[in-house]
Amino acid sequence: MGRKKSKQPRDFPFPYHAEIELDITTLTNRGVGLGRVEIDQESAETEESSSPSGWVVMVPFSLPGERVRARVFRNQKNFSEADLVAVLTPSPDRVTPRCPIFGQCGGCQYQHFNYEAQLVWKRQQVAELLEHMADLVHPVNPVIGSPEQFNYRSKITPHFQLPRDHQPAVAGLDEPGPGLPTPATTKEVKIGFLRQGTRFDLVDVPQCDIATTAINAQLPTVRAEVRAKIAQNGYKKGATLLLRDASGVVTTDYDTVVTETVGDLQLHFLARDFFQNNPYILPTFTGYVRERAAATGARFLVDAYCGSGLFALSAASAFEQVSGIEISESSVRFATENAHANGITNTTFQAGDASAIFAGLQFSATETVIIIDPPRKGCDDVFLNQLFAYGPKAVVYVSCDPATQMRDLVHFTAAGYHLNDVQPFDLFPQTRHLECVVTLVKK
């Protein structure tokens, strides 16, 4: 599908849909290839943002070291965006994507990229974010890769929208009566994910190569049930579906209690609740967080975004006492039940905003380490200010967005914390996403 032309597009430095050739030199932290092209300097001087090193062009699905032909579809103030037309000189790290809709579906960015090279670039991106956003130059450990590079994701949420002119089928009628609109067939309804580079357009996804085998086995049945329900006018509007695989059992019910095994732990939680979605790497991932927290020598542990108890319960044996806080009351209930079910007696959990976690806390700050695993947006100022006022001995900061994590590190440095260790984990092979664990120790 071609992109729609903007109503009033910027025509500098390229006309709409101009085709250009350029060399790709790096990847952005969003997984997009970046190159520079020389432009007319006399014209560039009239623009607010010109660069002596060349004009930046972003080209999705291109790789460093490649020469490509690209079609420009948007000029921003200081860079242009273009679609990949052809790879003229391929990178030695380019591989054949496994998914037939790779490049259309916005779920994956790296299926064309050798996996070992994915890990190298993810490490480099963490180092660059650390330097440019946190103003810190510090060694970044090699990325710990996922044992499974495909069929690892244990939760997917496909979407669908009803056509605007959708008319439900009428039982017993193969064709509409005279003057009646033709019913939209259910085959026209796309059930899948956002199309690459769009905010609303969906691409139909009959199979997802990064979802678990059990989810893919169930997906055709779920899609058929949705289409049947659409045909019976069972939906008034579009919806988001859920397929959650917990230890090989797939549920589509948001309120079902599921069980996930992580090492020696069995954890129960609602299918709709947040839980890390790559079970194959979780024992290594949680073991590392436990190791870093215990290495600080702290006697007490506080898990500030504890969910159903993943980090708190995984690390409990290394501490005298553990306290967890979580805004979701159902997650706190499950964390408490999970501790009991696994025979862990030194943990307590409470529901509440993480920004109030330290109110009434009896642990001595100088003997306490905090684990934080905030949402993608990172920590807010209220929480950080309270954390620094409490002044724990150390913090193990787990993040699914290194950019917001590095932004927050500026505040930790200002509050007197020293960066001790940076360890990325690839919980999301074939995509630009990764988890990063940093350890901070109070000076």
Validation row: [X], [Y] side chains within 4.5 angstrom (heavy atoms):
| X | Y | answer |
| --- | --- | --- |
| P429 | N278 | yes |
| Y110 | K122 | yes |
| M58 | R74 | no |
| I20 | W55 | no |
| R223 | D204 | yes |
| K155 | V258 | no |
| P147 | I281 | yes |
| P375 | F274 | no |

Look at the side chain of [X] and the backbone N and O of [Y], then say whether any donor-acceptor pair between them is shorter than 3.5 Å.
| X | Y | result |
| --- | --- | --- |
| D421 | V438 | no |
| D426 | I144 | no |
| D408 | C379 | yes |
| Y115 | S146 | yes |
| Q266 | T259 | no |
| T404 | R376 | yes |
| R432 | T28 | no |
| Q423 | P142 | yes |
| Q232 | G234 | no |
| T286 | F311 | no |

Please indicate whether [X] has more than 12 foreign heavy atoms, meaning atoms of other residues, nucleotides or ligands, lying under 6.0 Å from its [atom1].
| X | atom1 | answer |
| --- | --- | --- |
| Q76 | CD | yes |
| R98 | CZ | yes |
| D255 | CG | yes |
| N385 | CG | yes |

Run the numbers on Q149 and Q430 for side-chain hydrogen bond (donor to acceptor under 3.5 Å, both in side chains), then give the verdict. CA-CA 7 Å; Q149 298 162 22; Q430 318 309 330; 4.8 Å; no

Would you confirm whether the ring centroid of Y152 sits within less than 6.0 angstrom of the ring centroid of F428?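 No: the rings miss the under 6.0 Å criterion.
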
Would you please indicate yes or no on a ring centroid separation below 6.0 angstrom for F383 and Y305?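 Here the rings of F383 and Y305 have centres that are less than 6.0 Å from each other.
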
Which is it for F334 and V257 under the side chain to side chain contact (heavy atoms under 4.5 Å, CB included) test, yes or no, and what are the steps along the way? CA-CA 10 Å; F334 281 111; V257 177; 3.8 Å; yes

[X] side, atom [atom1]; [Y] side, atom [atom2] - distance, nearest 0.5 Å:
| X | Y | atom1 | atom2 | value |
| --- | --- | --- | --- | --- |
| T252 | R244 | OG1 | CZ | 13.0 Å |
| S331 | D273 | OG | CG | 3.5 Å |
| W121 | L63 | CH2 | CG | 9.5 Å |
| Y397 | L440 | OH | CG | 9.5 Å |
| D201 | Q104 | CG | CD | 10.5 Å |
| L34 | I24 | CG | CD1 | 7.0 Å |

How far apart are the closest heavy atoms of [X] and [Y], and which atoms are they?
| X | Y | result |
| --- | --- | --- |
| D23 | R67 | OD1-NH1, 3.1 Å |
| A315 | L301 | CB-CD2, 3.8 Å |
| M406 | A134 | O-CB, 3.5 Å |
| C400 | E435 | CB-OE2, 3.3 Å |
| D245 | A214 | OD2-CB, 3.5 Å |
| C436 | V126 | SG-CG1, 4.0 Å |

Strictly by modelled atom types, are Q196 and Q109 linked by a side-chain donor-acceptor pair under 3.5 Å?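 No.
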
Between Q207 and N216: side-chain donor-acceptor atoms closer than 3.5 Å: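 There is no such pair (donor and acceptor under 3.5 Å, judged by atom type) between the side chains of Q207 and N216.
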
Taking the inter-plane angle between the rings of F102 and H112 on a 0 to 90° scale, is it parallel (under 30°), tilted (30 to 60°) or perpendicular (over 60°)?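 Because their plane-to-plane angle lies in the 30° to 60° range, the rings of F102 and H112 count as tilted.
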
Check the pair R292, V369 against side chain to side chain contact (heavy atoms under 4.5 Å, CB included), reporting the backbone distance first and the verdict last. CA-CA 10 Å; R292 296 309 305 173; V369 59; over 6 Å; no

Passing candidate, side-chain contact (heavy atoms from CB on, under 4.5 Å) with Q125, options L27, L434, L130, T26: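 By the side-chain contact (heavy atoms from CB on, under 4.5 Å) criterion, Q125 pairs with just one of L27, L434, L130, T26: L27.
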
Steps toward side chain to side chain contact (heavy atoms under 4.5 Å, CB included) verdict (N75, F14): CA-CA 7 Å; N75 294 309; F14 306 108; 3.8 Å; yes

Side chain to side chain contact (heavy atoms under 4.5 Å, CB included) assessment of F285 paired with L310: CA-CA 11 Å; F285 185 48; L310 176 63; 5.7 Å; no

